There are 2 protein chains.
Amino acid sequence: MALILEDLDLWKLDSLVAVNRQLRLLLRSRIIRNDLKPDDKISEPGLARQYGVSRQPVREAFITLAHEGLVEILPQRGTVVCRIDYEAVLDCRFIREAFEADVMGKLTSKPNDQLVANLRKQIRAQKRIGRRKPGHFMELDEKFHRTLADAAGLKRAWDFIDSTKAQMDRVRFLSSEEFPITRLIDQHTQIVDCIEQQDSAGAEEAVRNHLREILQSLPKIHALYPDHFDHFRDTEF
Amino acid sequence: MALILEDLDLWKLDSLVAVNRQLRLLLRSRIIRNDLKPDDKISEPGLARQYGVSRQPVREAFITLAHEGLVEILPQRGTVVCRIDYEAVLDCRFIREAFEADVMGKLTSKPNDQLVANLRKQIRAQKRIGRRKPGHFMELDEKFHRTLADAAGLKRAWDFIDSTKAQMDRVRFLSSEEFPITRLIDQHTQIVDCIEQQDSAGAEEAVRNHLREILQSLPKIHALYPDHFDHFRDTEF
DNA sequence: CTCTAGCTACTTGTATGGAAGTAGGCAAGC
DNA sequence: GCTTGCCTACTTCCATACAAGTAGCTAGAG
């Protein structure tokens with residue numbers, strides 16, 4: 001997620017920072033937050049007028065977003081916001097599960113009291129804030145998992161995972177109201193317990209179960225927003 | 001790897017395809033194949049003149065390459081070819097190991113004679129061609145692993161993995177002469193054997209061992225080409 | 001009414017000019 | 001000798017103009 005801007009309406013361009021970069025972050029946030037919806041047509045001159053800049057930076061933002069699979073550029077025809085790639089979401093989740101399972105193996109190989117304390121503190125914050133603002137839980141969850149990767153000395157690895165998560169983040173935003181927050185927090189607790197006890201197998205199973213939650217909500221979201229997805233593949237496990 | 005162009009010198013621009021895209025692939029190949037070396041300065045007008053196009057497409061290619069971590073754009077200062085990110089290589093390898101280990105779990109859950117036959121055929125080709133042209137073994141190896149992911153129904157997942165492999169591919173190109181090809185092929189055989197026998201644990205261990213080979217060669221490559229790398233982190237496992 | 005040809009209004013792709021900023025050389029002043 | 005200030009040559013960044021291709025509408029022919 002890294003950078004999902006908030007208060008999109010209030011956002012104004014800062015002349016000190018490259019417009020190119022600002023537009024890239026802004027448009028990505030608008031797509032993930034479902035402000036720009038699938039199949040919406042967006043054009044370089046259109047957005048250029050809207051933000052009072054030239055076509056050039058807008059175009060460069062489009063190219064980057066196309067590379068991330070968020071928009072599709074059809075030469076001489078236009079640019080549209082991509083539908084959520086159902087298969088990509090599943091595959092991305094698969095990679096995450098495999099990765100984080102192995103992360104558990106590294107974290108349980110030696111004790112790390114400081115990490116455990118940090119994680120428990122985060123969980124308390126999740127319980128406190130998660131109830132009131134479900135939208136903010138997503139950020140806290142993100143931070144929790146990033147902390148795990150960092151502690152394993154895999155900071156760069158998480159950046160890679162992060163860059164492929166755009167599609168999954170769109171789903172998570174759509175389903176932010178549906179989050180079984182209480183259960184997710186319990187799973188976080190379970191993970192930390194296993195880490196503390198250096199229970200490798202337990203931690204791995206816990207994190208796998210945790211990351212399979214989205215498999216429960218994904219079909220529901222698909223049913224609620226069928227037009228937001230492209231294909232539907234019913235075989236996974 | 002997807003698209004690493006060959007015969008870079010013979011490459012001429014095709015007016016039918018977007019110059020933007022052609023330059024992106026061309027420059028990426030030149031970097032991975034060590035034609036453009038780390039710390040080389042490249043500039044928009046320079047390459048524009050070299051290829052007889054305007055600065056615009058060159059610039060767009062730069063932006064994409066920067067996003068892949070192959071070049072670094074320093075505003076108003078210039079653009080340089082990045083050194084190989086040692087930590088990124090290690091982390092990328094870690095993700096690959098985790099991913100492919102889980103792929104083994106899926107592949108051994110049910111028999112797949114067709115897949116096994118396909119893989120054995122590929123291994124025969126590896127033995128045949130690998131000896132003569134070590135450079136080509138890289139492509140065959142790539143194909144082998146892609147086949148595994150495809151068979152597990154994780155085509156998109158491999159695309160993600162692939163997009164993060166640029167740094168690792170640079171290492172592999174530098175070390176293509178050093179490849180212990182015979183051992184790698186033996187490991188391929190071992191993997192296929194385990195898949196055929198639906199030996200989940202065995203397949204997982206085999207593929208993990210296989211993907212840890214680069215940990216052996218990486219320090220050697222670093223010693224041979226110290227200027228090609230940036231940082232050196234000596235703690236991994 | 002149906003179909004087709006052409007025109008118009010869009011789109012993205014490329015080229016080019018200028019704005020802003022940086023690095024380095026070089027000379028004047030201390 | 002050392003520092004300071006300017007000046008030049010470079011870079012990336014943004015704006016604008018033009019080229020080329022596409023979709024859709026409209027008018028005319030059958």
Side-chain angles (χ1 to χ4, degrees), chain A residues 3 5 11-28 30-31 36-83, chain B residues 3 5 11-28 30-31 36-83:
Chain A
L3 292 165
L5 305 177
W11 187 259
K12 291 290 175 291
L13 295 181
D14 178 356
S15 60
L16 295 179
V17 184
V19 180
N20 171 350
R21 176 179 170 80
Q22 295 182 67
L23 281 177
R24 186 180 62 210
L25 298 177
L26 177 57
L27 293 179
R28 179 165 60 184
R30 288 186 64 181
I31 293 175
L36 288 172
K37 295 178 173 40
D39 294 340
D40 276 0
K41 286 186 184 178
I42 53 182
S43 78
E44 295 173 6
L47 285 173
R49 276 196 308 274
Q50 184 174 341
Y51 290 105
V53 295
S54 78
R55 275 183 51 208
Q56 201 54 42
V58 178
R59 171 175 175 74
E60 289 163 4
F62 279 12
I63 291 175
T64 301
L65 293 175
H67 196 256
E68 294 182 32
L70 292 177
V71 306
E72 185 177 8
I73 300 174
L74 302 96
Q76 273 73 35
R77 294 174 54 183
T79 301
V80 297
V81 177
C82 282
R83 294 189 173 206
Chain B
L3 291 164
L5 306 178
W11 186 260
K12 291 290 177 290
L13 295 181
D14 178 356
S15 61
L16 296 179
V17 183
V19 180
N20 170 350
R21 176 178 170 80
Q22 295 182 68
L23 281 178
R24 186 178 63 209
L25 299 177
L26 177 56
L27 293 179
R28 179 164 62 182
R30 288 186 64 182
I31 293 174
L36 287 172
K37 297 177 172 38
D39 294 339
D40 276 0
K41 286 187 183 177
I42 53 181
S43 78
E44 295 173 5
L47 285 174
R49 277 197 308 275
Q50 184 173 340
Y51 290 106
V53 295
S54 76
R55 303 195 316 265
Q56 199 54 40
V58 178
R59 172 174 172 75
E60 290 165 3
F62 279 12
I63 291 176
T64 302
L65 293 176
H67 195 257
E68 295 182 33
L70 292 177
V71 305
E72 185 177 7
I73 300 175
L74 302 96
Q76 272 73 35
R77 292 173 53 184
T79 301
V80 297
V81 177
C82 282
R83 294 189 173 205

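Every value quoted in this text rests on a predicted model; they were computed, and no experiment measured them. In the text below, chain A, chain B and the rest are named by the order of the sequence lines, each starting its count at 1.
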Could you check how far [atom1] of [X] sits from [atom2] of [N], rounded to whole Å?
X       : N      : atom1 : atom2 : answer
B:Leu74 : D:dT11 : CG    : P     : 13 Å
A:Arg55 : D:dT16 : CZ    : P     : 12 Å
A:Glu60 : D:dA15 : CD    : C1'   : 12 Å
A:Ile42 : C:dT11 : CD1   : C1'   : 13 Å
B:Leu23 : C:dT14 : CG    : C1'   : 12 Å
A:Ile73 : C:dC10 : CD1   : P     : 21 Å
B:Arg49 : C:dA15 : CZ    : P     : 15 Å
B:Arg77 : C:dA23 : CZ    : P     : 5 Å

Can you tell me how far [atom2] of [Y] sits from [atom1] of [X], rounded to the nearest 0.5 angstrom?
X       : Y       : atom1 : atom2 : answer
A:Leu70 : A:Arg30 : CG    : CZ    : 13.5 Å
B:Arg49 : B:Arg55 : CZ    : CZ    : 10.5 Å
B:Thr79 : B:Leu47 : OG1   : CG    : 9.5 Å

Would you indicate, yes or no, if [N] has its OP1 or OP2 atom less than 4.0 angstrom from a side-chain nitrogen or oxygen of [X]?
X       : N      : result
A:Thr79 : C:dT12 : yes
A:Ser54 : D:dC14 : no
A:Arg59 : C:dT12 : no

(message) According to side chain to side chain donor-acceptor pair (under 3.5 Å), who are the partners of B:Glu68, at least two apart in sequence or on a separate chain?
(response)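 B:Arg28.
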(message) Let's see if you can work this out: which of C:dT12, D:dA15, C:dT14 has an atom nearest to the side-chain heavy atoms of A:Pro57?
(response) D:dA15
(message) Which nucleotide wins on minimum distance to the side chain of B:Ala18, given the candidates C:dT11, C:dG13, D:dC14?
(response) C:dG13
(request) Decide yes or no, distance alone: a donor-acceptor N/O pair under 3.5 angstrom between the base of C:dG13 and the side-chain of B:Arg21. (result) no
(message) Quiz question: going by heavy-atom distance under 3.5 Å, is there a donor-acceptor pair between the base of D:dT12 and the side chain of B:Gln76?
(response)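 Under the 3.5 Å cut-off, the side chain and the base do form a donor-acceptor pair.
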(message) Taking atom NZ as the centre, does B:Lys41 end up with more than 12 heavy-atom neighbours from other residues, nucleotides or ligands that are less than 6.0 angstrom away?
(response) no
(request) Pick base, sugar-phosphate or nothing for A:Ile63, based on heavy-atom distances below 4.0 Å to the nucleic acid. (result)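 Result for A:Ile63 = nothing.
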(request) Please figure out whether A:Asn20 or A:Pro75 has its closest DNA chain D nucleotide nearer the 5' end. (result) A:Asn20
